[in-house]
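Since the structure comes first, as structure tokens, the remarks are kept for the end.
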2 protein chains.
Amino acid sequence: MGHSKAQKTRTHKRIVSIASKRFREKGLAGFGIAELMKEAGLTVGGFYKHFDSRDDLVTEAVSSAFGGWKRRVDAAKTGEPSVSLAQLIDDYLSEAHRDHPGTGCAFSALAPEIARCDKSTRAVTSEQVRNDIQLIAGLLLGKDKRTARSKAILTFSALVGAMALARAVSDQALSREILNAVAELLKDSGLEHQ
Amino acid sequence: MGHSKAQKTRTHKRIVSIASKRFREKGLAGFGIAELMKEAGLTVGGFYKHFDSRDDLVTEAVSSAFGGWKRRVDAAKTGEPSVSLAQLIDDYLSEAHRDHPGTGCAFSALAPEIARCDKSTRAVTSEQVRNDIQLIAGLLLGKDKRTARSKAILTFSALVGAMALARAVSDQALSREILNAVAELLKDSGLEHQ
DNA sequence: ATTATCTATAGATCTATAGATAATGC
DNA sequence: ATTATCTATAGATCTATAGATAATGC
């Protein structure tokens, strides 16, 4: 009990990190505060010294989930001068990503639920959608800016939709077919203009 | 009270119809059985003579939601020999569809939540994904079957992803940009091979 | 003195069931 | 006699708060 300010900051980050993962796995209504705090090694009473409300946690955790995907792309980038669009597409539409939503893209795991959230969560989401569009547009070489931006939006939409569908179906062959078909066509359409 | 078998069938359909709409609007955890039954003009106690469990209702209501979209396409079809892909794309990516999820496509409103449902709901979903892919493939004229199928999967994924993103962002200009960019590119790519 | 966390609980849900009531349908 | 619906409620949640405890930090 008690504990320092530095400790509180670490605790806060731990709570957000766990929530961010579990929200992507179980949905925004998938667990309660008591369960979350228990996983963080704490009890329910401490929660409201960290967050004004459960919605406040949702905003922070969704924001943190977006950061996770960005870090993954950034990390890949540091290895080489620039990550290729093909690499990003193959990584996104992998079975590993499909089977581990907790560490994956927050859009394919949560977009419709975010659409029902309060303004602050949706504002954070707008900002991240803009970032991701620019990130992908930057990987579409040899196009004028307008074309690259439109194509980036299509690519991003197809990635998010394909992953959501691949996870929703129970037929594993169909799930793989969706991932592969979209990956191949997006990579082709990216190359055809380079 | 009491009531006939025919009356019960109508009541059952009314419950499923309301649930189907509200699930798309509020999510699969967005309301309780008491609230649902009240909107149907009934009380909570009668629910379990219609459904074994809440999950049972989810399966039926999700299935019914898929039917709604299909009927809309079928209705458009009866007007002319065949609906064009461009019409379907414009209809799907309209602001009207974005702003009325309750009567719209169940995938863009619920796919990630369906991914967390039981097998029966996901089996119904698999079947509907197959139907929608074939529907779109049939509208992609002048292609060999394999190509049409792949392109249909990409188109379907992009529609679902674009709508989910357009609803999730709070920035209305960005939301419109997503709908318009994806619609234009999908229509272009559909035509370019005809 | 302040505060990060704990225990305990209020008050509002939610799913599911039990038993009563009033209609259908043999 | 059967059954579709109702009222009432058990039992299990869930969010949020109150007050106690034990540490930090002036």
Side-chain angles (χ1 to χ4, degrees), chain A residues 1-23 25-62 110 113-114 116-118 120-121, chain B residues 1-62 110 113-114 116-121:
Chain A
M1 284 212 203
H3 312 88
S4 71
K5 236 167 187 179
Q7 177 70 5
K8 191 190 180 186
T9 303
R10 263 177 292 153
T11 299
H12 186 94
K13 283 181 181 164
R14 190 167 73 253
I15 296 168
V16 172
S17 168
I18 294 168
S20 168
K21 185 175 183 185
R22 297 295 173 227
F23 279 143
E25 285 173 356
K26 302 180 162 191
L28 297 183
F31 54 89
I33 289 163
E35 186 182 329
L36 169 68
M37 293 299 274
K38 190 174 180 184
E39 189 179 343
L42 301 161
T43 60
V44 67
F47 180 84
Y48 292 91
K49 285 277 156 57
H50 285 279
F51 308 95
D52 284 345
S53 68
R54 191 183 190 280
D55 281 348
D56 194 29
L57 167 70
V58 169
T59 305
E60 266 203 61
V62 165
L110 294 172
E113 291 181 84
I114 290 171
R116 298 175 212 116
C117 282
D118 56 27
S120 60
T121 303
Chain B
M1 281 212 206
H3 312 87
S4 71
K5 235 168 188 177
Q7 177 71 5
K8 189 191 182 186
T9 303
R10 262 177 294 154
T11 300
H12 186 96
K13 284 181 183 164
R14 190 167 73 253
I15 296 169
V16 171
S17 168
I18 294 168
S20 167
K21 185 175 183 185
R22 298 294 174 227
F23 280 143
R24 280 174 282 177
E25 286 173 356
K26 302 179 163 193
L28 297 182
F31 54 89
I33 289 163
E35 185 181 331
L36 169 68
M37 293 299 274
K38 190 174 181 183
E39 189 178 345
L42 300 162
T43 58
V44 66
F47 180 84
Y48 292 91
K49 285 276 156 58
H50 286 279
F51 308 95
D52 285 345
S53 67
R54 193 183 189 282
D55 282 349
D56 194 28
L57 167 70
V58 169
T59 304
E60 265 202 63
V62 165
L110 294 172
E113 291 181 83
I114 290 171
R116 299 174 210 117
C117 281
D118 56 27
K119 192 96 183 204
S120 60
T121 303

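Residue numbers begin at 1 in each chain, while the letters A, B, ... track the order of the sequences.
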Taking OP1 and OP2 of [N], is either one under 4.0 Å from a side-chain nitrogen or oxygen of [X]?
X	N	answer
A/His50	C/dT5	yes
B/Lys8	D/dA4	yes
A/Thr11	C/dT5	yes
B/Tyr48	C/dT17	no

Checklist entry - Without hydrogens or angle criteria, can the side chains of A/Thr121 and A/Asp118 be said to hold a donor-acceptor pair below 3.5 Å? => result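 Present: a donor and an acceptor within the cut-off.
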Checklist entry - If we ignore angles and hydrogens, is there a donor and acceptor under 3.5 Å between the side chains of B/Asp55 and B/Ser53? => result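 B/Ser53 and B/Asp55 do not have a side-chain donor-acceptor pair below 3.5 Å.
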In whole angstroms, how far is the [atom2] atom of [N] from the [atom1] atom of [X]?
X	N	atom1	atom2	value
A/Phe51	D/dA16	CZ	C1'	15 Å
A/Phe47	D/dC14	CZ	C1'	12 Å
B/Arg54	C/dT13	CZ	C1'	13 Å
A/Ile15	C/dT5	CD1	C1'	10 Å
A/Asp55	D/dC14	CG	C1'	14 Å
B/Arg14	D/dT5	CZ	C1'	12 Å
A/Met37	C/dT7	CE	P	11 Å
B/Leu28	C/dT15	CG	P	12 Å

Item to check | Check against side chain to side chain contact (heavy atoms under 4.5 Å, CB included), B/Thr59 and B/Phe51 | outcome: CA-CA 10 Å; B/Thr59 304; B/Phe51 308 95; over 6 Å; no
Checklist entry - When you match B/Ala6 and B/Ala34 each to their closest nucleotide on DNA chain C, which lands nearer the 5' end? => result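 This one resolves to B/Ala34.
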Next on the checklist: Both A/Leu42 and B/Gly46 contact DNA chain C. Which one's nearest nucleotide lies toward the 5' end?
Outcome noted: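 Checking each residue's closest nucleotide, the 5'-ward one belongs to A/Leu42.
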In terms of side-chain heavy atoms of [X], which of [options] is nearest?
X	options	value
B/Ile33	C/dA16, D/dA16, C/dT5	C/dA16
A/Ser4	D/dT24, D/dA8, D/dA16	D/dT24
A/Thr43	D/dA4, C/dT7, C/dA16	C/dT7

Checklist entry - What are the two closest non-hydrogen atoms of B/Leu28 and B/Glu113, and how far apart are they? => result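 Scanning both residues completely, I find the closest heavy atoms to be N-OE1, 2.9 Å.
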Next on the checklist: I need the minimum non-hydrogen distance between A/Ala40 and A/Ile15, along with the two atoms involved.
Outcome noted: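 Smallest heavy-atom distance, with atoms named: CB-CG1, 4.3 Å.
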Next on the checklist: Taking pairing as Watson-Crick or G-U wobble with both contacts under 3.5 Å, can you name the mate of D/dA10, or confirm there isn't one?
Outcome noted: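 Pair assignment: D/dA10 / C/dT15.
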Item to check | For D/dT21, the Watson-Crick or wobble counterpart (both distances under 3.5 Å) | outcome: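 By the stated definition (distances under 3.5 Å), C/dA4 pairs with D/dT21.
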Next on the checklist: Students often get this wrong, so: under 4.0 angstrom with heavy atoms, is A/Gly45 touching a base, only sugar-phosphate, or nothing?
Outcome noted: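 Base: the residue A/Gly45, judged by heavy atoms under 4.0 Å, touches a nucleobase.
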